[in-house]
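Only one structure is covered here, and it is reproduced in the block below.
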Amino acid sequence: MAFSVEHIQIAAYLGAGICVGIGAVTTGIGSGIIAGEGAYGIVKQPKANEQIFRTMLIGQAAAQTAGIFALVISMLLIYGRSDAPEGGWFRAAAYLAAGLAMGLGSVGPSLGAGYSGGQACKSVARMPKHGNAIMGNMLIGQALSQTSAIFALVVAFLLMYSIPNQPADISMGRIIVKSVALIASGLSIGFGTLGPGTGIGYVAGKASDMMGRFPNEKSKIMRTMFLGAAVSESTAIYSLVVSFLLIFAL
Amino acid sequence: MAKKKSPMLKIILIFFIVEVVLVFLSGNFSKQLEIGFEHGKFRIRHVETEYNLQEKITEEFQIDEYYSQHGKTPEIYGSKKLYNLFKFLSKFGTVPFTPMGTFQLLRMILIVDIVLLLMALFIRKSLARRPAKSQIIFELVYTSLEEFVTETLGKDKVNYTPYIVTLFIFIWVCNMIGMIPIPGFMEPTRNLNVPLGLGFMVVIVVHFTAIKMKGAWKHIQNYINPVKNPLCLLDIVGEASKVVSISFRLFGNILGGAIIILVVSSLVSFVVLPIGLTLFFGVFVGTIQAFVFTMLALTYIGVEIAE
Amino acid sequence: MNLTLAQGIVKASALLGAGLCMGMGALGPGVGEGFVAGKACEGIARSPENASLITRTMLVGQAVSESTGIYSLVIALLLIFST
C-alpha cells in the first residue's frame, strides 16, 4: 500500500477526537456527582455553606485532572508535527494509540475522583468541624486514583515521542506486527486503568465518608485506605508492564 | 491541625530545595520544548530534533543491549576497582562476569547495604536515655511495626519483628536511593530480580512458619492430597501467584515512576515539574510500596499461623 | 528478521490479543479490590478494635480477587513471547 502524509494526519486527528471525546464523558459525570452532593449538603447544613462550597470546588478541580491530561494529549496530537512523512505506518499507529490510551485511561480515574469528592462533600456537611481533615483525605485519595491516569499519560507520551521512524526496506508483515503492537499497548493501558481508577475512587470515597462519621478513627481509616488503594492498583501496574513490553520488546 | 502539619511540610521543603540544588549542580536539563507560532500556526516542537527518547530509555533500562548495539565501551563511573573485584570473584563461580547491568545492580545493592550498616552503627552509637531526633524516628518505625506484628501474629510471635523491620527499611532505602541524581545511580528494586528474590524469600518464610506450626507432613498434604483439600491444585497456583503479585507490584511501581520521570524531564526544560514528580514517585510511592510489601508479607505469615 | 504477510498477521493478532487481554482483565479485579478496600475502611471505622482482623481479611480477599488479573498477565506474557 502506498503511504502518504495524509495517513499520519488522519490517525492524529482521529486520535485527538477519540481522546477528548471519551475522556470528557466521565469527567463531566464526576464533576456532576460532586456538585450534586455539595448542593444537597448545603441544603442539609446551611451554616457550613462556605466550607462545603470550597470542598466542592477543589474536588471538582482535582476530578478534572484526567480530563485535562486528555486535552493536553489531544492538543499535542493536533498541533504536533503530523505533517512529516518519514514516520511511516509506525507513526500513524502510534498517534492513534496515544489518543486511545489517554482517552480510555481518563475514564476510570475521573469517575473514581468524582465519587470520592462527592462523598467528601457529604461528609463535610455532616461534620463541618473536621472539614479540613476530610478535605486533605479527599485530595490524597484523588491523587491515588489519578496515579493510573498518570500511567496512561506517560504511555501516550512514549507513543508520541519515542517511536523510531519506519525503516526503508521492511516487509509488510513486519510493519503490521509493529503497528498492531503499538495500538495494543494503547488499548492495554487504556482499559487497564479503568477498573483500578474506579476502585480506588470508591475506597477514597468510603474513607472520606467514614471520616465524617467517626472522626476519632482518622489514622486507622487513612492507613487502611493507603493499603487498600495500593493493592488495588496492582492490575494497573500489570497493564503498564504489558504496555512497555509491547512498545519496547518488539 | 497546623501544628501537626508543619514538620511534614518542612521535610518536603527540604527535599525540594536539595533536589533543586542537585539538579542545578548536575546540569541535567538540556532538552527543550519550544512553544510558539510558526507561519501563523500554533506549534509545539523539540529544539533538538536529533534527540531520541527510545535510545535514551534503552541506555537507561537495558544497558547491555544498548552497548552491544552501539559497540561502545560501557562507563563504569570511577568504580574500576569494584568491577575488577567482581570479575575476580566470579572466577570461582561457573558463570563468567561480563554484563554491565548486573554490575550496576550489584554495586547499587552494595551501596544500599553500606548505607544500612552506617545507619545501624550511627544509631547504635547515639543511643541515650534522652533520645535524639534520629533515635526517636527509628524507635517510631520499630515500635509501630512491632505493634503491627503483635496485632497480626499474636503476642508470642514478636520474634518476627526484626525480619519485618529489615524488609521495610531495606525496600525503603532501595526506593529512595534513586532520587539522588548521580550518574549510574538507580533503584535496585527497578530490576525485576530484586523484588522477585524478596518475594521468594517471603514465601519461603511463610512455608517455614507453616511447617513449624503444623508439622511438615500435615502441611505438604494440603497441596498433594485431593481428599483432604479438594482445591489443592488451585492452591499451588495460588502460591505461585503470591510471588508474582507481591514482586510485580513493587517492580512495576518503581519502574513506572523511573520511566515517567525520564520522559517528563526530557520533554520539559524547566525544573519544577520533574522534581515534583520525583518527590511523588520517590517519597510517596516508594514509602507506600515498601509498607505494602511488608504488610503483605506479614499477612501471608499471619494466615498460616491463624490456621 | 523479515516476516511474510500471513505470519505477520498471525503475530499481530496475538499481540492485539495480549493487549486486550491485559486491559480487559485488569478491569474486574481493579473494581473488585477497590470495593473490598472501601468496605474494609467502613468496617474499621465502625469497629476499630478488630482492625488487624479486618486488615488481614481485606488483604487476603484482595489477593484472591487479584488472581484473575494475574491469569490475564500470564496469558498476555505467553501471547507476547511464545507466538
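Proteins get letters first, then strands, A, B, ... in listed order; numbering begins at 1 in each. What you are looking at is a predicted structure, and each value in this text was computed from that prediction instead of being measured.
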(request) Locate the shortest heavy-atom distance separating A:Ile221 from C:Ala45; write the atom from each residue and the value. (result) CD1-CB, 3.7 Å

At what distance, to the nearest 0.5 angstrom, does [atom1] of [X] lie from [atom2] of [Y]?
X: A:Leu227; Y: C:Leu59; atom1: CG; atom2: CG; answer: 5.0 Å
X: A:Ser239; Y: C:Met22; atom1: OG; atom2: CE; answer: 4.0 Å
X: A:Leu246; Y: C:Leu15; atom1: CG; atom2: CG; answer: 6.0 Å
X: C:Cys41; Y: A:Phe226; atom1: SG; atom2: CZ; answer: 11.0 Å
X: C:Ile44; Y: A:Met222; atom1: CD1; atom2: CE; answer: 14.0 Å
X: A:Arg174; Y: C:Thr4; atom1: CZ; atom2: OG1; answer: 12.0 Å

(message) For a quick check under 3.5 Å, do A:Thr235 and C:Glu66 share a side-chain donor-acceptor pair by atom type?
(response) no

(request) Verify the distance criterion only: is there a donor paired with an acceptor across the side chains of C:Glu33 and A:Tyr202 at less than 3.5 Å? (result)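 The criterion, which ignores hydrogens and geometry beyond distance, is not satisfied for A:Tyr202 and C:Glu33.
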
Given heavy-atom pairs under 4.5 angstrom as the criterion, report whether the side chain, backbone, both or neither of [X] touches chain A.
X: C:Met58; answer: side chain
X: C:Leu73; answer: side chain
X: C:Gln62; answer: side chain

(message) So for A:Phe191, is it side chain, backbone, both, or neither that comes closer than 4.5 Å to the heavy atoms of chain C?
(response)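 Its backbone and side chain both get close to chain C.
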
(request) Side-chain contact test, heavy atoms from C-beta onward, threshold under 4.5 Å: evaluate it for A:Leu187 versus C:Leu16 and give yes or no. (result)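 Answer yes - side chains close enough.
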
